[in-house]
Amino acid sequence: MEGYGPSSRRRRSVIRRNKEMPLWQELPLLLVVAFCLAVLIRTFLVQAFYIPSGSMENTLLVQDRVLVNKVVYDMRDPLRGEVVVFRGTDKWAPEVTEVVSNTFLAKLGRTIGDLVGVSRPGERDFIKRVIGLPGDKVACCDSEGRITVNGVGIDEPYIADGFNSDLSQPPIAGQCTSRRFTEVTIPDGQMFVMGDHRSVSQDARCQGPVPIENVIGRAFVVVWPSDRFAGLSVPDVWQQFAAAQPTAAGAGPAPARRTDPVVATEILPLLLSVVLSARSGMSFATRRRRLRA
């Protein structure tokens, strides 16, 4: 039959080969796709965060890297005991004080790193543990030297020996050198945060509560260095406390959500599926080309 002879099959084979993307064109496209995926994931879902100070030791050490879930607080508010990354208010003194290079290559590297979520944090980015929520009354100390939340003493297993603040030193306004501080009632829409290394952490004790809307996300796992890989779960003591006091008495309405969760939970997965489908198609074309070679 006409159109089905050997010469016709050869012509169709030549046409298919001409339509396939050569490797030198496919590779740059894949690099662009990978970069766009990294930017999308960093913007909407997960970001790597570099630990710049010792304020969370020994839970987090200097130069650790943690992954931060950026979408979880679009669904709910933070919980007591969670480790969160947030932007400090104007009252918060920067923790990142290292001098950085301002050469073109250094600036370019920081820009690319920030886009894909592996750069160092900004001077107003902090990582601390949530201690109090709106309406909570936080103070220190009880007869055992513990912080209290709504009058309940909290045993904090994540504070290493010798890492707590000085109990004998009197409180000084604007300084976090003393363990003791007067009772604070957390305002609506704000949270009380503290570092796990209390003797060096500059936190809500002396710098004030932080707006919940300033939260970037929840740190949920240490990913680097590899020998420190571990999850950052809520300690049992806080889970037990939450079971008894899920919300603070007198807490006001929850703050408005910062982002429409549809963007992260519906649109982004759709974009990812489209890109992955395109990548699968290119991989299939590459395999066919190799088989015919």
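Position 1 is the first residue of the sequence, and the numbers go up from there. Keep in mind that the numbers below use all heavy atoms, side chains included, and drop hydrogens, waters and symmetry copies.
- Rounding to the nearest 0.5 angstrom, the gap separating the CD1 atom in I131 from the CZ atom in R205 is 10.0 Å.
- Note that CZ of F181 is 9.5 Å distant from OG of S165, once rounded to the nearest 0.5 Å.
- Annotation: side chain of I172 is not in contact with side chain of S178 (no heavy-atom distance under 4.5 Å).
- No path of Ile, Leu, Val, Met, Phe, Trp and Tyr side chains, each step under 4.5 Å between heavy atoms, connects V84 with L79, placing them in separate hydrophobic clusters.
- Here the shortest heavy-atom pairing between N58 and A160 reads ND2-CB, 3.7 Å.
- L60 contributes atom CG, which lies 7.0 Å from atom CZ of R228 (distance to the nearest 0.5 angstrom).
- Here the closest non-hydrogen pair linking G189 and P134 is N-CG, 3.7 Å.
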Walk me through it: do V83 and R218 pass the test side chain to side chain contact (heavy atoms under 4.5 Å, CB included)?
CA-CA 6 Å; V83 177; R218 177 192 174 189; 6.0 Å; no

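- Here the closest non-hydrogen pair linking I147 and R198 is CG2-NH1, 4.2 Å.
- Put simply, V222 and V234 are part of two different groups of oily side chains (I, L, V, M, F, W, Y) that touch within less than 4.5 Å, one to the next.
- Between F241 and V152, the shortest heavy-atom distance links the atoms CE1-CB, 3.8 Å.
- With contacts defined as side-chain heavy-atom distances shorter than 4.5 Å, the pair N150/T148 does not qualify.
- Side chain of S55 to main chain of S201: no donor-acceptor pair is present (N/O by atom type, distance under 3.5 Å, no hydrogens or angles).
- Considering only heavy atoms from C-beta on, T182 stays 4.5 Å or farther from P171 through its side chain.
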Test side chain to side chain contact (heavy atoms under 4.5 Å, CB included) on D136 and R80; report intermediate values, then the result.
CA-CA 11 Å; D136 281 341; R80 305 180 191 94; 2.9 Å; yes

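- Summarising the local packing, CG of D161 is surrounded by 12 or fewer heavy atoms from other residues, nucleotides or ligands at distances under 6.0 Å.
- A distance-only check finds a donor-acceptor pair linking the side chain of R179 to the backbone of G145 [under 3.5 Å].
- For the atom pair OG1 of T185 and CZ of F192, the computed distance is 11.0 Å after rounding to the nearest 0.5 Å.
- V184 and I154 fall within the same hydrophobic cluster, where Ile, Leu, Val, Met, Phe, Trp and Tyr residues are linked whenever their side-chain heavy atoms come under 4.5 Å apart, directly or through other members.
- Side-chain contact between M191 and P78 is present, with heavy atoms from C-beta onward closer than 4.5 Å.
- Taking 4.5 Å as the limit, some side-chain heavy atom of K70 sits within range of a side-chain heavy atom of I216.
- Between the CD1 atom of I212 and the CG atom of L133 there is a distance of 6.5 Å, given to the nearest 0.5 Å.
- A pairwise comparison of heavy atoms in L232 and V66 identifies CD1-CG1, 4.2 Å as the closest pair.
- Considering only heavy atoms from C-beta on, E82 stays 4.5 Å or farther from V215 through its side chain.
- A219 approaches I127 most closely through the heavy-atom pair CB-CD1, 4.0 Å.
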Determine, step by step, whether R129 and M194 satisfy the side chain to side chain contact (heavy atoms under 4.5 Å, CB included) criterion, reporting the C-alpha distance in whole Å, the side-chain angles of both residues, the deciding distance to 0.1 Å, and the verdict.
CA-CA 5 Å; R129 191 180 299 274; M194 300 176 71; 5.9 Å; no

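- N214 CG to F126 CZ: the interatomic distance, rounded to the nearest 0.5 Å, is 10.5 Å.
- Q169 contributes no side-chain N or O that, together with a main-chain N or O of D166, makes up a donor-acceptor pair within less than 3.5 Å.
- D125 places no side-chain N or O within 3.5 Å of a backbone atom of R87 that could act as its donor or acceptor partner.
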Using side chain to side chain contact (heavy atoms under 4.5 Å, CB included), reason through F229 and V223 one step at a time and then give a plain yes or no.
CA-CA 5 Å; F229 183 88; V223 293; 4.3 Å; yes

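- Residues F86 and Y73 keep their aromatic ring centres 6.0 Å or farther apart.
- Side-chain atoms of R65 and F49, non-hydrogen and from C-beta on, never get closer than 4.5 Å to each other.
- Without hydrogens or angle criteria, Q202 side chain to A93 main chain gives no donor-acceptor distance under 3.5 Å.
- The closest donor-acceptor contact from the side chain of R180 to the backbone of L167 lies under 3.5 Å.
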Intermediate values then yes/no, side-chain hydrogen bond (donor to acceptor under 3.5 Å, both in side chains), D196 and T59:
CA-CA 7 Å; D196 291 354; T59 304; 2.6 Å; yes

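- Without hydrogens or angle criteria, Q47 side chain to L67 main chain gives no donor-acceptor distance under 3.5 Å.
- Taking the side chain as every heavy atom from C-beta outward, M56 and I51 never approach each other to under 4.5 Å.
- Under the 4.5 Å side-chain heavy-atom criterion for grouping Ile, Leu, Val, Met, Phe, Trp and Tyr, V193 is not connected to V138 through any hydrophobic cluster.
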